[in-house]
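Reading through the structure tokens given below for one structure.
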There are 2 protein chains.
Amino acid sequence: MNAEKNTEEQIIEAAKKIFTKKGLAGARMQDIADEAGINKAMLHYYYRSKDKLFEIVFNEAINKVMTNLNTILAAKMPFPEKIKAIIENYITALTANPQLPLFVLHEITQNPEMFIRELKARVGFPNVAAFMREIVEEGEKGTIRKISPVQLVMNILSMSVFPFVAKPLFQAVAEIDDVQFRMIMEDRKRVLVEFILAALRP
Amino acid sequence: MNAEKNTEEQIIEAAKKIFTKKGLAGARMQDIADEAGINKAMLHYYYRSKDKLFEIVFNEAINKVMTNLNTILAAKMPFPEKIKAIIENYITALTANPQLPLFVLHEITQNPEMFIRELKARVGFPNVAAFMREIVEEGEKGTIRKISPVQLVMNILSMSVFPFVAKPLFQAVAEIDDVQFRMIMEDRKRVLVEFILAALRP
DNA sequence: GTCTATAGCTGGATAGAC
DNA sequence: GTCTATCCAGCTATAGAC
């Protein structure tokens, strides 16, 4: 309902909100129109079809997630600090946008082709290979315990992202509200770094 | 298409498959009928509505996931072995059913009320409180490093479940097929236990 | 119990006035 | 560019024959 912005932007904003909440199949064009404070016909006027509108929102989400990660992975800094940076970056970004990962993962599963297309559009997108080489090197230098780089990457990613994917489940089981969840996630930045570095002690 | 089983069972079987794959909003009654090798009208004859059918499938999924975990959490065994049991149990179960967690998490997010209703129906369902007490005790005994029990539970769960939630993403980025993924998950049982126990060394 | 046919509605998309 | 009215496909659900 941002009366300041132009219609195109308003629509994208509204579409983001509805699609991330309901998914492609669950979202209604009427919902998006209502959220944007405009008429349903306008959506088609500007973006032709539901699928086209979705693709824009989805690709934007992918790029947002990936670009962030990529810059850190490529950065030159000592290994433990890099781990710290990755974790803090993820948790901060996802605290601001908790529904994003579940949305992305669900839609990738529903339609892997669209994701792969977008992956290939951005050349050499996830710069994870270099980071994995770093893990092997550190292991050989003896700075950290030797560990399969694929598994370590999975561990770091899992522990950073999964709590947000499982947020409603955690909240129901542990009976905690949004404020408490935020606090746990804030605390988690420190805990996770400690945990991972402890696991990697030679 | 199990010609042996009775129609009720065939329908549930088919509904499981389609719902876990497409979600509630994405699934079509026609798909389920086709999968079961029967007519669309039969679905309504046996289960009245799409929502009713879905609720049965969903609750069965919840119970399957929970019951398994609960028995292990309640079991009496040394702490490190319990961790091993939890991880191996999860990874084995999810290897046989990789789409289950994403389905459950997505639908909980769409409709938390249904999940909470089912949670309350099973009394004292997730027996996680006892396990968290165990974590604190072990920390005070000095057998493991002191750590917030909530955070440790999140870590264990995240690392066990998330790879399956993110399976299509991993496969696309790392360009691996189903066989390779299975191997990595099989290997992961050992790696994870090592990783966690290493992180918990006092 | 099982099928065909169809009612009834929802929701994406378009026509056309302004 | 924006709105109202409307079309039409696709879907859930039911009626009714067998």
Side-chain angles (χ1 to χ4, degrees), chain A residues 1-61 103 106-107 109-111 113-114 117, chain B residues 1-61 103 106-107 109-111 113-114 117:
Chain A
M1 272 282 234
N2 261 327
E4 300 88 37
K5 288 193 172 179
N6 59 346
T7 314
E8 270 114 320
E9 262 310 309
Q10 266 174 258
I11 292 175
I12 293 291
E13 233 31 65
K16 258 186 212 167
K17 189 164 171 184
I18 301 298
F19 277 135
T20 47
K21 196 159 144 189
K22 305 264 198 173
L24 170 58
R28 299 286 157 252
M29 292 298 265
Q30 188 62 59
D31 298 341
I32 298 175
D34 292 349
E35 178 68 34
I38 54 156
N39 195 280
K40 218 175 33 150
M42 296 297 289
L43 302 178
H44 291 97
Y45 177 79
Y46 279 100
Y47 296 101
R48 193 158 188 89
S49 75
K50 187 185 179 185
D51 283 344
K52 291 243 188 267
L53 185 53
F54 176 79
E55 192 150 345
I56 293 170
V57 170
F58 179 73
N59 288 342
E60 213 164 290
F103 165 66
H106 180 251
E107 298 301 338
T109 306
Q110 292 307 308
N111 187 355
E113 290 73 29
M114 186 168 49
R117 212 184 313 136
Chain B
M1 273 282 234
N2 262 328
E4 301 88 39
K5 288 193 174 180
N6 59 347
T7 314
E8 271 115 320
E9 263 310 310
Q10 268 174 257
I11 292 175
I12 294 290
E13 234 30 64
K16 259 185 213 168
K17 190 164 170 183
I18 301 299
F19 277 135
T20 47
K21 197 159 142 187
K22 306 262 199 173
L24 171 57
R28 299 287 155 250
M29 292 299 264
Q30 187 62 60
D31 298 340
I32 297 175
D34 292 349
E35 177 69 32
I38 54 156
N39 194 279
K40 221 175 32 152
M42 297 296 290
L43 301 179
H44 290 98
Y45 177 77
Y46 280 102
Y47 297 100
R48 194 158 186 89
S49 75
K50 186 184 179 186
D51 283 345
K52 292 242 188 269
L53 185 53
F54 177 79
E55 193 151 344
I56 293 170
V57 171
F58 178 74
N59 288 343
E60 215 165 289
F103 166 66
H106 181 251
E107 298 301 338
T109 307
Q110 292 308 306
N111 186 356
E113 290 73 30
M114 185 169 47
R117 213 183 315 136

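Each chain gets a letter, A, B and so on, in the order its sequence line appears, and its residues count up from 1.
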May I ask you to say what [X] touches in the nucleic acid, namely base, sugar-phosphate or nothing, with a heavy-atom cut-off under 4.0 Å?
X	answer
B:Ala33	nothing
B:Ala25	nothing
A:Met29	sugar-phosphate
B:Tyr45	base

Whole angstroms only, please: what is the [atom1]-[atom2] distance between [X] and [N]?
X	N	atom1	atom2	value
A:His44	D:dG1	NE2	P	18 Å
A:Gln30	C:dC9	CD	P	18 Å
B:Arg28	D:dA9	CZ	C1'	12 Å

Just to confirm, is there a sub-4.0 Å distance from OP1 or OP2 of C:dG12 to any side-chain nitrogen or oxygen of A:Ser49?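 So the side chain of A:Ser49 is outside the cut-off, no N or O lying under 4.0 Å from OP1 or OP2 of C:dG12.
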
Take A:Phe19 and A:Phe54, measure what ring pair (Phe, Tyr, Trp, His ring centres under 6.0 Å) needs, and give me the verdict at the end. CA-CA 7 Å; A:Phe19 277 135; A:Phe54 176 79; 5.0 Å; yes

Nearest to the side chain of B:Ala41, heavy atoms from C-beta on, is which of D:dT12, C:dT14, D:dA15?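 Comparing D:dT12, C:dT14, D:dA15 against the side chain of B:Ala41, the answer is D:dA15.
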
Out of D:dT12, D:dT2, C:dG1, whichever nucleotide has its closest atom nearest the side chain of B:Met42: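 Output: C:dG1.
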
With nearest nucleotides of DNA chain C determined for B:Asn39 and B:Glu8 from heavy-atom distances, which residue corresponds to the more 5′ nucleotide?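 Looking at the nearest nucleotide for each, B:Glu8 comes out on the 5' side.
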
Base C:dG11 paired with A:Lys50 side chain (donor-acceptor, <3.5 Å):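 No, no donor-acceptor pair under 3.5 Å.
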
